[in-house]
Amino acid sequence: MLVALSKRPRCFVLNSTDASVGNAWETDKKQHYRYDTNVTGRMPLNDAGPGSLVLFYNTSNHSRNPMSYTATARVEYIGPGWTGPWTADLSGYQEFDSPVPARQVEIAGRNNQHAITEITWEQYQEIVAAGTGMRPESHDVEAGLDVGGERAAERVTVDFPAADVEILGDEVPVRRADGDLDPSPEREPAYGGPSAGDGSVRIPSGRRSASDRGRDKIVEERAVTVATMHLENLGWRVVADRQKDGVGYDIDLTDGERSVHLEVKGIQGPRLEFNVTAKEWWRVRTDPDFVLAAGTDVLNPTTVHVNLLSPEELVEADRVATQFRVAVRDGQELGPIS
């Protein structure tokens, strides 16, 4: 959250040594940094997690450039779980052209005996500039993009399986009457800020990293699992998985008397806001058996909410178009959307 608001990565100094005391931990420090529950400073690093930037500080017993800052890297993942010992997977390891002696750097309150120390972005910039001759900027290091999002999501699914999470959810909405629904007018998008006018519908920024997309896939898969479990707990049975059939919903279910066409949306936060495709929106308007399950707080390790929404609720909700398909074909009409 801090990184997202400040647009600056969190930064740390990691003590490093090639003396015998470090042999058990520093076998491949260019790729991994290992530490346990006895290491001072571990909690802020674990909290910051993937996307953090680190500086290596050679301690006084190092055979090369002792008591100097010598290299930088980025944290891609910290594992294996919520209890130590931990391994921070690193990428982009870069040794400094000119190691920076500690006596040239003033970091208020830093104790060189502490293996891990959080420093400010400005302090990181100054040390890297002194060691490489180039001052890094936040946009150069993708601040706020959460480059480890996919790995962090994987960690949640492994350490906290869906079967062990408390599921809080709604009853299945009553089936609506046959016939098409008439949606309320859609809202005009506003691009001057992070929200559409009054903040009711936010416009996605469109900037998505590969890690973001990987995390989204994990969130969707976990949401489908959790929503299915919730419906089964209510007495429903899965008839067919339709996710790959292109029918405008994900799961066919029945309770023995009634059918439900369930579309599932996975949401990381608590806000009921999500995208729907053209075909899903067609289902909302025309399919009386359609129900949308919006799983919120899907990556929460303890509790997930399954919000079951009826077509009537969906057509009355705030709605804004964020994308159109356009074809310029000398007056020819667009073909059908499958």
Side-chain angles (χ1 to χ4, degrees), residues 1-4 8-62 67 69-94 107 109-121 123-124 141 145-166 211 214-215 218-219 222 268 297-304:
M1 180 64 73
L2 178 62
V3 172
R8 297 178 177 185
R10 290 178 68 178
C11 306
F12 296 84
V13 173
L14 306 181
N15 281 6
S16 175
T17 181
D18 58 1
S20 58
V21 67
N23 287 343
W25 299 94
E26 296 191 40
T27 57
D28 52 354
K29 79 171 190 179
K30 294 183 179 180
Q31 289 82 36
H32 306 288
Y33 188 84
R34 298 176 177 85
Y35 53 101
D36 61 16
T37 55
N38 295 315
V39 171
T40 303
R42 66 188 182 279
M43 294 181 65
L45 179 60
N46 287 346
D47 176 64
S52 303
L53 302 179
V54 298
L55 293 171
F56 284 92
Y57 173 79
N58 288 3
T59 59
S60 59
N61 58 3
H62 203 292
M67 301 180 69
Y69 299 92
T70 60
T72 183
R74 180 204 299 273
V75 176
E76 294 293 341
Y77 181 62
I78 297 177
W82 301 96
T83 57
W86 298 274
T87 297
D89 296 341
L90 306 177
S91 68
Y93 180 90
Q94 179 184 2
I107 300 178
R110 168 160 161 73
N111 184 337
N112 291 340
Q113 300 301 314
H114 292 174
I116 302 173
T117 303
E118 184 165 10
I119 61 175
T120 67
W121 165 240
Q123 290 168 335
Y124 174 89
V141 295
L145 291 184
D146 189 13
V147 296
E150 180 177 5
R151 298 293 298 275
E154 289 175 348
R155 174 174 167 175
V156 170
T157 61
V158 171
D159 292 346
F160 301 96
D164 297 337
V165 173
E166 180 184 13
S211 181
R215 179 180 55 198
I218 292 172
V219 168
R222 187 172 174 91
Q268 296 178 60
D297 298 316
V298 170
L299 293 181
N300 188 305
T302 59
T303 307
V304 176

Checklist outcome for this item: Minimal heavy-atom distance between N58 and K29, with the atoms involved, is OD1-NZ, 3.9 Å
Item to check | D28 vs R34 side-chain heavy atoms within contact, under 4.5 Å | outcome: yes
Checklist outcome for this item: Heavy-atom closest pair (I119 atom, V13 atom, distance to 0.1 Å) is CG2-CG2, 3.8 Å
Item to check | For the student: nearest non-hydrogen atoms of N61 and T17, plus distance | outcome: OD1-OG1, 2.8 Å
Checklist outcome for this item: In terms of heavy-atom contacts, P50 and E76 come closest through CB-O, 3.4 Å
Next on the checklist: Using only atom types and a distance under 3.5 Å, with no angle test, would you say the side chain of N112 pairs donor to acceptor with the backbone of T59?
Outcome noted: no
Checklist entry - What pair of heavy atoms forms the shortest contact from I78 to L45, and how long is it? => result CD1-O, 3.5 Å
Next on the checklist: The test is side chain to side chain contact (heavy atoms under 4.5 Å, CB included); show your working for L14 and L55 and say whether it passes.
Outcome noted: CA-CA 6 Å; L14 306 181; L55 293 171; over 6 Å; no
Item to check | Close side-chain approach of H32 to D89, heavy-atom, < 4.5 Å | outcome: yes
Checklist entry - Would you say H62 and T70 make side-chain contact, with heavy atoms under 4.5 Å? => result no
Checklist entry - Between V165 and P301, which heavy-atom pair has the shortest distance, and what is it? => result CG2-O, 3.8 Å
Next on the checklist: I need the N300 CG to F160 CZ distance, nearest 0.5 Å.
Outcome noted: 9.5 Å
Next on the checklist: Would V39 and I116 count as a side chain to side chain contact (heavy atoms under 4.5 Å, CB included) here? Give the steps.
Outcome noted: CA-CA 7 Å; V39 171; I116 302 173; 3.8 Å; yes
Next on the checklist: Taking the side chain as everything from C-beta on, heavy atoms only, tell me whether T37 gets closer than 4.5 Å to W86.
Outcome noted: yes
Next on the checklist: Checking the side chain of S52 only, and the main-chain atoms of C11 only, is there a donor and an acceptor separated by less than 3.5 Å?
Outcome noted: no
Next on the checklist: Walk me through whether N15 and Y35 qualify under side-chain hydrogen bond (donor to acceptor under 3.5 Å, both in side chains).
Outcome noted: CA-CA 11 Å; N15 281 6; Y35 53 101; over 6 Å; no
Next on the checklist: For the CD atom of Q123 and the CD atom of E118, what is their distance to the nearest 0.5 Å?
Outcome noted: 10.0 Å
Item to check | Intermediate values then yes/no, side-chain hydrogen bond (donor to acceptor under 3.5 Å, both in side chains), Y33 and S16 | outcome: CA-CA 9 Å; Y33 188 84; S16 175; over 6 Å; no
Checklist entry - T303 versus D297: any side-chain heavy-atom pair under 4.5 Å? => result no
Next on the checklist: Determine whether a donor-acceptor pair (N or O, by modelled atom type, separation under 3.5 Å) exists between the side chain of R215 and the backbone of A153.
Outcome noted: no
Checklist entry - Hey, does the side chain of Y77 reach the backbone of T87 with a donor-acceptor pair shorter than 3.5 angstrom? => result no
Checklist entry - Quick one: are N111 and T117 in side-chain contact, heavy atoms under 4.5 Å? => result no
Item to check | Any side-chain heavy-atom pair of P9 and R74 under 4.5 Å | outcome: no
Checklist entry - Once you round to the nearest 0.5 Å, how far does CG of L90 lie from NZ of K30? => result 12.0 Å
